[in-house]
Visitor: 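Would you mind keeping the following structure in view while I ask a few things?
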Amino acid sequence: MPELPEVETTRRGLLPRVAGRRIRSIAVRNGSLRWPVPADIAKRLSGETIRDIRRRAKYLLFDLGKGHLLVHLGMSGRLTLLPAGTPARKHDHVDIELEGGTLLRFTDPRRFGAMLWLESPAESHALLKDLGMEPLDAAFTGQALRARAKGRSVSIKQFLMNGRIVTGVGNIYASEALFHAGIAPGRSAGRVSAARYDRLAEAVRRTLARAIAAGGSTLRDFASAEGRPGYFQQRHAVYKREGKPCRVCKTPIRALRQGQRSTFFCPRCQK
DNA sequence: AATCTTTCCTGCCGGC
DNA sequence: TGCCGGCAGGAAAGAT
């Protein structure tokens, strides 16, 4: 499941290989993604040059000058570079053929992903305009987090996963960051101290940065014939470790549900 | 067969 | 009153 580090790894892997290249054609095999792939997508993209790839939250934005191609990987999406003419398999929904014989292929078994055309400026699009802080930006600080949390009763874990507050912190990293910051996941966001918000912001930043670094080390795979993106297994502190000993204090890790999502935590290390 | 995954959307609630 | 923000719950598809 692509979280922010995987999306960023995909961006970094693709950028040097597609920047400056023209799009020859687009083939939409199955356009029923989270939203229908626009019927005129081929008209919009054909002949345009990919100038840059940016990332906002977990959205990838391919800058085509006149507008942007937005791609979201959803839960099971993947972008891979392949030689033109590679036969499509079951879940290969969209092919973008670049000049020079390369195929940029979108694969997504569960089809929670998205592929849309955005007029410039992309930031004013409904999907992007209300997004919160980027966790890797300098503006993302404990102080900024705490200011947004003032008076809010929602749990700190759900607060952290709210994209209007911070973007790109999914279920795994929310549990992991709270563990590293020593904060119990059920605590109200409005009742977390300034010092602990500082620790939390740092934990979020460090956890994501470490995962991106790990992904970067697998970029070679991304460029291989297999075309696998830079997914990687992380050694989690608490995620999916229910009943197993805490790596710090040996207390069994516990699980609970918050907003229909699973949360993992150490009852001794997190208060 | 229920569970798990992301995140947008709908609708309720209370405050002003 | 009507509007707003906060918040909970539902929905989508497919693998296991």
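Chain letters run A, B, ... following the sequence lines, proteins first, then strands; residues in each count from 1. Fair warning: this is a prediction, and the values are worked out from it, not measured in the lab.
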Visitor: Is a side-chain N or O of H236(A) found less than 3.5 angstrom from the main chain of R241(A), in a donor-acceptor match?
Guide: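 Not confirmed, H236(A) side chain does not pair with R241(A) backbone.
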Visitor: Of all the nucleotides listed (dA13(C), dA15(C), dC8(B)), which has the minimum atom distance to the side chain of W35(A)?
Guide: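 Per side-chain heavy atoms of W35(A), the pick is dC8(B).
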Visitor: Check every strand shown and say whether D108(A) touches a base, only sugar-phosphate, or nothing at a heavy-atom separation below 4.0 Å.
Guide: nothing
Visitor: What is the distance from OH of Y59(A) to P of dC8(B), rounded to the nearest Å?
Guide: 4 Å
Visitor: Between E6(A) and R78(A), is the closest basic N to carboxylate O distance under 4.0 Å?
Guide: no
Visitor: Do the side chain of D130(A) and the main chain of R164(A) share a donor and acceptor less than 3.5 angstrom apart?
Guide: no
Visitor: What is the distance from NZ of K58(A) to C1' of dC8(B), rounded to the nearest Å?
Guide: 13 Å
Visitor: Please report, rounded to the nearest Å, how far the C1' atom of dA8(C) is from the CZ atom of R257(A).
Guide: 14 Å
Visitor: Side chain of Q260(A), heavy atoms from C-beta onward: which of dG9(C), dC7(C), dA12(C) has the nearest atom to it?
Guide: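 For Q260(A), the side-chain atoms sit closest to dG9(C).
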Visitor: Quick one: does any side-chain atom of R105(A) pair with a main-chain N or O of D95(A) as donor and acceptor, under 3.5 Å?
Guide: no
Visitor: Taking OP1 and OP2 of dG6(C), is either one under 4.0 Å from a side-chain nitrogen or oxygen of S153(A)?
Guide: no
Visitor: Please check: side-chain N/O of E97(A) versus main-chain N/O of I26(A), any donor-acceptor pairing under 3.5 Å?
Guide: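 It does not hold such a pair.
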Visitor: Specify the separation, in whole Å, of atom CZ of R152(A) and atom C1' of dC4(C).
Guide: 13 Å
Visitor: Rounded to whole Å, please give me the gap between CZ in R56(A) and P in dT7(B).
Guide: 13 Å
Visitor: Here's a test of your reading of the structure: between P109(A) and G151(A), which maps to the more 5' nucleotide of DNA chain C?
Guide: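 Comparing both residues, the 5'-ward one is G151(A).
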Visitor: Dot-bracket for DNA chain C, 5' to 3', with Watson-Crick and G-U pairs under 3.5 Å, [ ] for crossing pairs and | for other-strand pairs: what is it?
Guide: .|||||||||||||||
Visitor: Please confirm whether the backbone N or O of T207(A) pairs with a side-chain atom of R205(A), one donor and one acceptor, at under 3.5 Å?
Guide: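 Not at all, since once roles are kept as given, no pair shorter than 3.5 Å links the two residues.
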Visitor: Side chain of L127(A): nearest nucleotide among dG14(C), dG9(C), dC8(B)?
Guide: dC8(B)
Visitor: Give me the one residue out of R22(A), R21(A), E99(A) that meets side chain to side chain contact (heavy atoms under 4.5 Å, CB included) with T49(A).
Guide: R22(A)
Visitor: CD of Q258(A) versus P of dA8(C): gap in Å, rounded?
Guide: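 Nearest whole value for this atom pair: 10 Å.
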Visitor: Rounded to the nearest angstrom, tell me the gap between atom CZ in R110(A) and atom P in dA12(C).
Guide: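 Spelled out: CZ on R110(A) to P on dA12(C) is 16 Å.
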Visitor: Which is more 5' along DNA chain C, the nucleotide nearest H91(A) or the one nearest R34(A)? Just name the residue.
Guide: R34(A)
Visitor: Within less than 4.0 Å of OP1 or OP2 of dT5(B), is there a side-chain N or O belonging to Y239(A)?
Guide: yes
Visitor: Nearest-Å distance, NZ (K129(A)) to C1' (dC9(B))?
Guide: 13 Å
Visitor: With heavy atoms under 4.0 Å as the rule, sort S262(A) into base, sugar-phosphate or nothing.
Guide: sugar-phosphate
